[in-house]
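Please read the structure below before turning to the comments.
Please read all numbers here as calculations on a predicted model, not as lab measurements. Letters go in sequence order (proteins before strands), and every chain restarts at 1.
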Amino acid sequence: MTTVRIPAGWPATEEEARAVQDGLRARLVLDEPGPPPGTGRVTGVDVAYDDERDVVAAAAVVLDAASLEVVAEATAVGRIPFPYVPGLLAFREIPAVLAALDALPCPPGLVVCDGYGLAHPRRFGLASHLGVLTGLPTIGVAKNPFTFTCDPPGPGRGASSPLLAGEEEVGRALRTRDGVKPVYVSVGHRTTLSGACAHTLALTPAYRLPETTRRADALCRRALRTATAPRA
DNA sequence: GCGACAG
DNA sequence: ATCTTGTCGC
């Protein structure tokens, strides 16, 4: 476990944060195919909070993309750097996530985020932000449609429908389990939407959510408990 | 102007 | 995100 250091100049206001998004968005790379699903490594990142004690814990879990076995994992703990504001989630999560990624003993490969990438009011959600800051290919897999709209995908696993911001397809509602509500997939950085969906399906052999996020979720909660546990 | 809104 | 027990179903 490492300690999070909030970057100098981290935004303090919503206005500053939105300006950062508008500035970094130009660095997004959206014309790369991304890594092929089922090969190399895939890393899940997630964050848990104790607002009461002002503690944030992040986890990064590296899986072998073919076997989905855990290859490596790391956690980071620190203070909460930004309040939760819809559209500005990245400023709350990223410092801890970067610290956890830095603590990994091996390259992460594709990073799977719990949240959105291009499906964002300014087309720069958590997954895109993390991708630009790290240079890594990223995708976002969220549990809710946020403010976007979509028709329900067909009932079978693999069915999908466009996630729309007006006329623009910003992501896809993707059914990962028969008859279970879909997840919402969007491109983060250096990936394509169809590739992001293919990765998501490869990561969901048994549950609605990707193995990456399930592992990272469990690990960051554990790290938060440990960090806030009363001292002996 | 008011409410809704990833985690 | 987080607060929270049992319960229905494969």
Give each protein N/O atom lying under 3.5 Å from an N/O atom of nucleotides 1-7 of chain C, with the pair distance.
unit_1 : atom_1 : unit_2   : atom_2 : d
C:dA1  : OP1    : A:Arg221 : NH2    : 3.3
C:dA1  : OP2    : A:Lys143 : NZ     : 3.1

Rounding to a whole Å, what distance do you find between A:Phe146:CZ and B:dA6:P?
6 Å

Should A:Asn144 be listed as having a side-chain N or O under 4.0 Å from OP1 or OP2 of B:dC5?
no

Can you confirm whether A:Leu63 sits close enough to A:Val70 that some side-chain heavy atom of one is under 4.5 Å from a side-chain heavy atom of the other?
yes

Are A:Arg221 and A:Asp217 within salt-bridge range, i.e. N to O under 4.0 Å?
yes

From CZ of A:Phe148 over to P of B:dA4, roughly how many Å is that when rounded to an integer?
18 Å

Give a yes or no on whether the backbone of A:His189 and the side-chain of A:Thr138 come within a donor-acceptor separation of less than 3.5 Å.
yes

Check whether any side-chain heavy atom of A:Arg190 lies under 4.5 Å from a side-chain heavy atom of A:Leu110, and answer yes or no.
no

Run the side chain to side chain donor-acceptor pair (under 3.5 Å) test on A:Arg157 and A:Thr204 for me, step by step, so that the C-alpha distance in whole Å, both residues' side-chain angles and the decisive distance to 0.1 Å come before the verdict.
CA-CA 10 Å; A:Arg157 165 175 156 88; A:Thr204 50; 2.9 Å; yes

Assess whether atom CZ of A:Arg123 is packed by more than 12 heavy atoms of other residues, nucleotides or ligands within 6.0 Å.
yes

Sub-4.5 Å side-chain heavy-atom contact between A:Leu28 and A:Val132:
yes

Euclidean distance, atom CZ of residue A:Arg177 to atom C1' of C:dC10 [Å, nearest integer]
11 Å

Counting the atoms with a prime plus P, OP1 and OP2 as sugar-phosphate, which does A:Gly140 contact under 4.0 Å by heavy atoms, base, sugar-phosphate, or nothing?
nothing

Is any side-chain heavy atom of A:Leu89 closer than 4.5 Å to one of A:Tyr84?
yes

For the side chain of A:Ser186 and the backbone of A:Tyr116, is there at least one donor-acceptor N/O pair under 3.5 Å apart?
no

Would you mind reading off the distance between A:Leu209 atom CG and B:dA6 atom C1', rounded to a whole angstrom?
13 Å

With a 4.0 Å cut-off on heavy atoms, is A:Ile80 in touch with a base, just the backbone sugar-phosphate, or nothing at all?
nothing

I need the OH-P distance between A:Tyr184 and B:dG7, as an integer number of Å.
11 Å

Grab the stems for DNA chain B, please: at least three consecutive Watson-Crick or wobble pairs, both distances below 3.5 Å, written as range with range.
none

Give the rounded distance in Å between these two atoms: CG of A:Leu88 and P of B:dG7.
15 Å

